[in-house]
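Lettering follows sequence order; numbering is per chain, from 1. For the numbers below, each heavy atom of this structure counts, side chains included, while hydrogens, waters and symmetry mates do not.
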Amino acid sequence: MQSDRNAPLDKTAALEICRSMGQITSDSLIPILQQIQDSYGYLPAEILFEVSRQTGLHVNHMFGVATFYEQFHLEPRGRHTIKCCRGTACHVRGGREIANTLKRQLGVEEGCTTADMRFTFETVACLGTCFLAPVMMVNNDYYGNVASSRIKSILEKYK
Amino acid sequence: MTTKKIRSHQHLKEAARRAQKVRQKYRCRALICMTGCRALGAADIAAAFKEKLVAAKLNKEVAVVETGCIGLCARAPVVLIEPYEYLYGGVKPGDVDEIIETTIRNGKPVESLVGVEDGNALPKIDQVGFYKAQHKAVLENCGRIDPKRIEDAIARGCYEAEAKALCTMAPEEVIEEVTKADLRGRGGAGFPTGLKWSFCRKSPGDEKYLICNADEGDPGAFMDRALKEGDPHRVIEGMTIAAYAIGAANGFVYVRAEYPIAVEHIGIALDQAREYGLLGKNILGSGFDFDIEVRIGAGAFVCGEETALIASLEGKRGMPRPRPPFPAQKGYHGKPTNINNVETFANVPLIINKGAKLYSSVGTDGGKGTKIFALAGKVNNTGLVEVPMGATLRQIVFDVGGGIPDGGKFKAAQMGGPSGGCVPGQFLDLGIDYDSVKDIGAIMGSGGLIVMDESTCMVDVARYFLQFVQSESCGKCTPCRVGAKEMLHILDAICEGRAAIEDLNRLERLADHVGKASLCGLGQTAPNPVMTTLRYFKNEYQDHIERNQCPAFVCSTMLSFHIDPDRCTGCGACARACPVEAIAGEKKKTHVIDGGICIRCGACLGACPPQFAAVYRRSGKLTKREKQKKPRSKS
Ligand SMILES: Cc1cc2nc3c(=O)[nH]c(=O)nc-3n(C[C@H](O)[C@H](O)[C@H](O)COP(=O)(O)O)c2cc1C
Ligand code: SF4
Ligand code: FES
């Protein structure tokens, strides 16, 4: 997504998001952060400072909230997001081995992004498709009844 | 736009009749689950139906309906054909031609797609054991309507209860009816709903709020998801009745971000309800105003706890706070707030329509009405299940669930997620309601029911839940933040064979402290999975500690893989499957696993051809030969 990490980011989208929120109250913070992340893929610090200038919401408070919730990321993300379920249903059907295999093949721990920015690897509490256990998701594609031996071919679909 | 507005109870009845007429124009309806089944290609099936019905010139008499969850997720993608009631599972777009020819044109079932039980083909939905033992009430519309079309919901009687309550009952009467029905909260704790509403109604102040808790963070639970996706109007109706009862003008639905389809469907349903005058200003001409806003969670399990959820709505870190004051006294921005679970709201229309007496004729003293369970884990018919309160685990797991796959043996059912416990086989015939489950150390919880068989290690399950709790703890109070971590360390040690038997006492003491001294439900109930497994499966803890053995072959440090030299033919399948090259051996010669390199993933066990079955695993004491680590020959 970000070709040059040091290039300044385009702030237009952030300004538009702040404008579209109408009256800003403390309630607005999480929806704003969600939209910023949808638009930029993560929460870049410089954008948060800009949002703070626009809305009067405190940066301090923003980082506090952003670091509390799992959904928010302060670092750029890989091109594809892998979500491996660690829910109970998946766990009793061998979910841990799937996560371990992914870790081995990607060479990163959970929550991390591969050096080539191809994949971000996360585990989630439940994908709500427990009947397919064990389940993993790449972007918006579900893979159910996953066996470790299938993982390599699944990952190859995403460049 | 204004033409669609429904302005009175009478007007709603007419709208329902009109919608039913539109429905009757079609002699046949193909219902396709487009929520859970979407993960397995339901969209392609729907597209194939639409295209082929047009080609066959049947599109005027046959409707394609994209529904919510039909229930039997195990056979996804699922298609139901009305009026024949034929239920098809594992459908592929290529099957559509045959369904049209055989069923839609000739009214016969397609044999290859119907369910089979004990060798008998069971084409009709009400013949299938999975449905026979259920009691669909709250889920009556789920899987039968297109949740994106309000007309479908109205045709099935949705909003009838809202009209009755708002136009003919006083708020106090509504509360009284719900109290008499003995409805208890479906979000976990089972608090009496009528009582909660009356607290909020009596709380001083004009500005009150209503919140629908749709966070459903419990891993292994998908009931609320199914309701929101499959019948969102019922939830909106229940919320509106509740708002009227407590006197709230504004409401929120707090949905977790992992459920994009639910967010979409609720959004559509809210827009349509407003358009029809069933939500917003002067609802149904009653003079009552109420509107609902959707908020999306940001991924924190603890935000399912009511005070944390409110903090999150206010744009803060989602941390619980001590109660009292309860939300009914001081909730959202300090105003009286009533918060209920999705399924609780979905029960309300039933009570208003049927009356408290009829409603509470189903169930037991420890719980009235029905309960929806998300059945998952080691069970054949995974899916969405609704049974009367008081149904036994045996009915749920064996009659509805079809038993354990691959001839496995039932070991336990985990109920209530991280706050709940593992219910062992000796309680299979116990009727399940709030009180009975509590008596045996688990909780009813929100309805996740995960079946475990002999291949599940109960110590590992306890560790799993502690890991979950510990990573989701908000960190506000020490017993939960530090205590849960300490407990986890002990369980890690047990699972890795480093523990002594005295550690069990320490574990129990810690569990007691954490349960008593934590601030919110997360910490208070965190010991439950440990305590129930200790109570009912102590022998497994002892095996781990005293014999260094995991009877279920799960705890990997106690596990080793070996190749039986008498059976190995040197085909090399295991060596190719091993991800870390721990297997050595020349072609056609006996292979050996290097225990030092082996990561115990089990790939070789799966790879060894069944006719040789030379790879085996061992937990506990090793034979002399097994102990030797180095392979005899290197390749
Ligand atoms: C850690 C924690 C998580 C919870 N998660 C949920 C949840 O996901 N959904 C829910 O309805 N209730 C959840 N609850 C229970 C709520 O605090 C609250 O009791 C419930 O929403 C009340 O609704 P009810 O009376 O209709 O059950 C949770 C409680 C705790 C302590
Ligand atoms: S019990 Fe745990 S989750 Fe609840 S307030 Fe304390 S630290 Fe936070
Ligand atoms: S436990 Fe994995 S999808 Fe629910």
Side-chain angles (χ1 to χ4, degrees), chain A residues 24-35 37 57 61-62 64-72 83 85-98 100-101 104-105 110 122-133 135 137 140-145 147-149 151-152, chain B residues 36 38-40 73-74 76 216-222 225 257-260 295-301 303 312-319 333 374-378 382-383 414 417-418 448 450-453 455-456 460-461 464-465 467-468 472 474 577 579-580 599 601-603 606-607:
Chain A
I24 304 281
T25 65
S26 71
D27 273 43
S28 323
L29 176 56
I30 292 176
I32 289 181
L33 294 180
Q34 284 169 333
Q35 289 180 39
Q37 180 155 296
L57 293 167
H61 188 185
M62 259 180 219
V65 166
T67 49
F68 182 83
Y69 295 98
E70 252 172 63
Q71 195 190 56
F72 296 125
K83 290 186 176 152
C85 180
R86 59 180 158 87
T88 325
C90 291
H91 181 79
V92 303
R93 290 217 213 175
R96 185 185 289 157
E97 194 45 45
I98 304 299
N100 286 341
T101 308
R104 269 200 308 277
Q105 295 201 0
E110 58 179 87
E122 292 175 345
T123 61
V124 295
C126 175
L127 290 167
T129 45
C130 319
F131 50 93
L132 296 175
V135 194
M137 245 178 132
N140 286 322
D141 307 330
Y142 289 90
Y143 294 93
N145 302 321
S148 303
S149 53
I151 288 176
K152 203 165 172 192
Chain B
R38 225 192 270 192
L40 290 174
C73 310
E216 194 164 63
D218 193 354
F222 49 93
R225 164 187 161 141
E258 285 82 355
Y259 289 174
R295 288 287 184 88
I296 300 169
F301 172 69
C303 284
S312 174
L313 282 179
E314 294 169 344
K316 301 185 190 135
R317 290 163 77 98
M319 290 196 179
H333 288 300
L375 193 56
K378 299 286 180 72
T382 47
Q414 210 286 334
I450 290 157
V451 181
M452 297 168 176
D453 68 1
S455 68
T456 314
D460 175 69
V461 166
Y464 163 79
F465 280 114
Q467 227 160 20
F468 181 85
E472 296 293 338
C474 81
V580 290
I599 53 167
C601 71

| query | Which heavy atom of F468(B) sits nearest a heavy atom of R86(A), and at what distance? | reply | CD1-NH1, 3.6 Å
| request: Go through the steps to decide whether F68(A) and C474(B) satisfy the test side chain to side chain contact (heavy atoms under 4.5 Å, CB included), and finish with yes or no. | output: CA-CA 8 Å; F68(A) 182 83; C474(B) 81; 4.0 Å; yes
| note | Heavy-atom nearest pair, F131(A) first then C73(B), reads CG-CB, 3.1 Å
| task | Heavy atoms only: give me the nearest P219(B)-C126(A) pair and the separation to one decimal. | result | CA-CB, 3.6 Å
| task | Measure the spacing between OG of S455(B) and CZ of R93(A) and express it to the nearest 0.5 Å. | result | 10.0 Å
| task | For the pair R317(B) (side chain) and G64(A) (backbone), establish whether a donor and an acceptor sit closer than 3.5 Å, ignoring hydrogens and angles. | result | yes
| note | Tightest non-hydrogen contact, residues G377(B) and A89(A), listed as N-CB, 4.2 Å
| Checking heavy atoms, do the side chain of T88(A), its backbone, both or neither come under 4.5 Å from chain B? | both
| query | Relative to chain A, which of E258(B), Q414(B), K378(B), E216(B) shows the most heavy atom pairs under 4.5 Å? | reply | K378(B)
| said: Using a 4.5 angstrom heavy-atom cutoff, name the option from T101(A), V65(A), L29(A) with the most pairs to chain B. | reply: V65(A)
| task | Measure distances from A603(B) to the heavy atoms of chain A and classify the residue's part below 4.5 Å as side chain, backbone, both or neither. | result | neither
| Is chain A contacted by the side chain of R295(B), its backbone, both, or neither, given a heavy-atom distance below 4.5 Å? | side chain
| field | Contact origin within I450(B) toward chain A - heavy atom pairs under 4.5 Å | value | side chain
| note | Tightest non-hydrogen contact, residues E97(A) and C601(B), listed as OE2-CB, 3.1 Å
| note | Distance col, row H91(A):NE2 vs D460(B):CG, nearest 0.5 angstrom, shows 3.5 Å
| Where the side chain of S26(A) meets the backbone of G315(B), is there a donor-acceptor pair that is under 3.5 Å apart? | no
| query | Which answer fits Y259(B), side chain, backbone, both or neither, if we ask what part of it has an atom under 4.5 Å from a heavy atom of chain A? | reply | side chain
| task | Report yes if some heavy atom in the side chain of I30(A) is under 4.5 Å from a heavy atom in the side chain of S312(B); otherwise report no. | result | yes
| message | At a 4.5 Å cut-off on heavy atoms, which part of L33(A) comes close to chain B: side chain, backbone, both, or neither? | response | neither
| field | Closest heavy-atom pair and its distance - A298(B), Y69(A) | value | O-CB, 3.2 Å
| message | Taking every non-hydrogen pair under 4.5 Å, which of S149(A), C130(A), A133(A) racks up the most with chain B? | response | C130(A)
| Between E70(A) and E472(B), is there a donor-acceptor pair closer than 3.5 Å when you use the side chain of the first and the backbone of the second? | no
| Residue part contacting chain A, namely of A374(B), when any heavy atom lies under 4.5 Å | neither
| request: Sort out for me which of G318(B), G383(B), A257(B), P579(B) touches chain A most, counting heavy-atom pairs under 4.5 Å. | output: G318(B)
| task | Could you tell me which portion of R225(B) (side chain, backbone, both or neither) has an atom closer than 4.5 angstrom to a non-hydrogen atom of chain A? | result | side chain
| said: For the interface with chain B, which of Q37(A), R104(A), K83(A), H61(A) has the highest count of heavy-atom pairs at distances below 4.5 Å? | reply: R104(A)
| task | Could you grab the distance from atom CZ of R96(A) to atom CD of Q467(B), nearest 0.5 Å is fine? | result | 6.0 Å
| task | Against chain A, label L40(B) side chain, backbone, both or neither, depending on which of its atoms sit under 4.5 Å from a heavy atom there. | result | side chain
